[in-house]
Amino acid sequence: FPVFAVIGLGYVFAAYKKISLASVVDILLYLTIPSLVISSLSRKTLNTDMLLIVAIAAFVVVMGTGLLSRIYLTVTGRKGLRGFYLPTMFMNTGSMGFPLALLAFGPDGLTVAVLYYIAVSLMVYSIGIYIAKGNGGLVEIFRLPLIYASVIGIVFNLWQIKIPGPILTTFDIVGGATIPLLLLSLGYRLHSTRLSYPGTAVAGSVIRIGGGVLIAYLITTLLGIGGLTGKIIILSSSMPSAVINFIVSHKYNLDSDLVASTVVMSTIISIITVPIVLMWIM
């Protein structure tokens, strides 16, 4: 309830006040999310096995839903609809995944969710950009501080390098703004998004949520990933389409109306599916 309530506040706010969401997105991408990554990765001792497991699971889920999308487009005779891949492959592991993992499973759950988010984000800015523009995605990764924050957090964690208290507290404070800003931004963006392709959007939402859960369950079962890590992988894989998909599609002029419609539809459907998934894995 708190997650969808804050999203709702952002939606209502958009009806009364117009702001530049681009500035908020920049604050998130360049300040709060990198701070949250470092802060979260400093709270729980990681090992290379956990990093590898989460990364493999995220990759399989993303590519698996991409394969399902390919099958759907082939069967329906829409192979040229490249924009369909973005909202089906890349889920909202940030603005919804973070708070859900934190509220349901505590700081340890958030740490695993952050690892999953990092893996998916790297794929968004490589595979996603390649889908949208054809090439150049690899360069985009190094233009954002996420990759550097991830490396710092993981290296410090694995080598057991302690961040000085005042500096870590600074990261805690800045990173603490991430979740509310992400949820409010999502609600604000949904207010201006219109459902233009309902049929295709429903199909994309089924692939994104249903396909994501199915593939996550299969990969965790196949690799024997249990406990908290397995639960967070399934939860993160069940998230609706990420708003970043709309931003990417709009920037590169690739079926942005369809992408926006799928983001809206999958988010609406997730109001029902998220509680079901949580009841299943908890």
Side-chain angles (χ1 to χ4, degrees), residues 4 7-8 10-11 14 21 58-97 120-121 123-134 137 185-218 234-277:
F4 289 108
I7 293 174
Y11 187 92
L21 198 58
F59 179 79
V60 171
V61 171
V62 168
M63 299 309 294
T65 49
L67 177 60
L68 292 177
S69 300
R70 175 72 174 182
I71 294 172
Y72 170 79
L73 293 177
T74 301
V75 171
T76 58
R78 303 178 184 180
K79 288 185 178 180
L81 203 62
R82 291 200 343 268
F84 183 79
Y85 290 99
L86 293 176
T88 58
M89 294 173 66
F90 305 113
M91 67 292 287
N92 193 344
T93 54
S95 59
M96 287 189 64
V120 173
S121 294
M123 286 186 279
V124 169
Y125 291 107
S126 53
I127 299 173
I129 298 297
Y130 179 79
I131 292 173
K133 64 175 294 191
S185 299
L186 175 58
Y188 187 93
R189 172 62 68 183
L190 289 176
H191 184 271
S192 60
T193 304
R194 297 294 174 261
L195 193 61
S196 303
Y197 298 84
T200 308
V202 169
S205 300
V206 171
I207 293 174
R208 164 78 298 285
I209 298 175
V213 171
L214 176 61
I215 296 170
Y217 173 74
L218 291 176
I234 292 175
L235 177 63
S236 298
S237 302
S238 72
M239 291 297 98
S241 179
V243 179
I244 189 64
N245 294 311
F246 171 74
I247 296 174
V248 170
S249 66
H250 182 75
K251 180 177 181 179
Y252 298 108
N253 194 29
L254 181 68
D255 305 317
S256 59
D257 288 341
L258 169 61
V259 174
S261 297
T262 308
V263 170
V264 172
M265 181 63 72
S266 63
T267 302
I268 293 173
I269 293 175
S270 71
I271 297 175
I272 299 173
T273 59
V274 164
I276 294 174
V277 171

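Predicted model, so just to flag it, every value in this text is computed and none were measured.
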Side chain to side chain contact (heavy atoms under 4.5 Å, CB included) between M63 and I215, worked out: CA-CA 10 Å; M63 299 309 294; I215 296 170; over 6 Å; no
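With rounding to the nearest 0.5 angstrom, the CZ atom of R78 is 8.5 Å from the CG atom of L258. Interatomic distance, D255 CG to N245 CG, rounded to the nearest 0.5 Å: 12.5 Å. Distance check: L21 CG to R189 CZ gives 5.0 Å after rounding to the nearest 0.5 Å. Atom CZ of F90 and atom OH of Y125 lie 11.0 Å apart (nearest 0.5 Å). If you take CD1 on I207 and CG on L214, they are separated by 12.0 Å, rounding to the nearest 0.5 Å. Atoms CG and CD1, from L73 and I71 in turn, are 10.5 Å apart once rounded to the nearest 0.5 Å.
With a 4.5 Å cut-off on side-chain heavy atoms, N92 and S241 do not count as touching. Looking only at side-chain heavy atoms (C-beta outward), L235 and S238 come within less than 4.5 Å of each other. Considering only heavy atoms from C-beta on, M96 comes within 4.5 Å of S270 through its side chain. Taking the side chain as every heavy atom from C-beta outward, T262 and S205 approach each other to under 4.5 Å. Put simply, the side chain of Y197 does not reach to within 4.5 Å of the side chain of M265, judged on heavy atoms. At least one side-chain heavy atom of F4 sits under 4.5 Å from a side-chain heavy atom of I7.
Side-chain atoms of R208 and S69 form no donor-acceptor pair, as typed in the model, at a separation below 3.5 Å.
Here the two rings, on F84 and Y72, have centers that are under 6.0 Å apart.
Between A132 and V248 the shortest heavy-atom distance is CB-CG1, 3.7 Å. When all heavy atoms are compared, the tightest approach of S95 to L186 is OG-CD2, 3.7 Å. The shortest heavy-atom contact between M89 and T65 is CA-OG1, 3.4 Å. Residues G211 and L68 come closest through the heavy atom pair CA-CD1, 3.9 Å. Here the closest heavy-atom approach between residue R82 and residue I131 is recorded as NH2-O, 2.9 Å. Closest approach of A58 to V120, counting heavy atoms only: CB-CG2, 4.2 Å.
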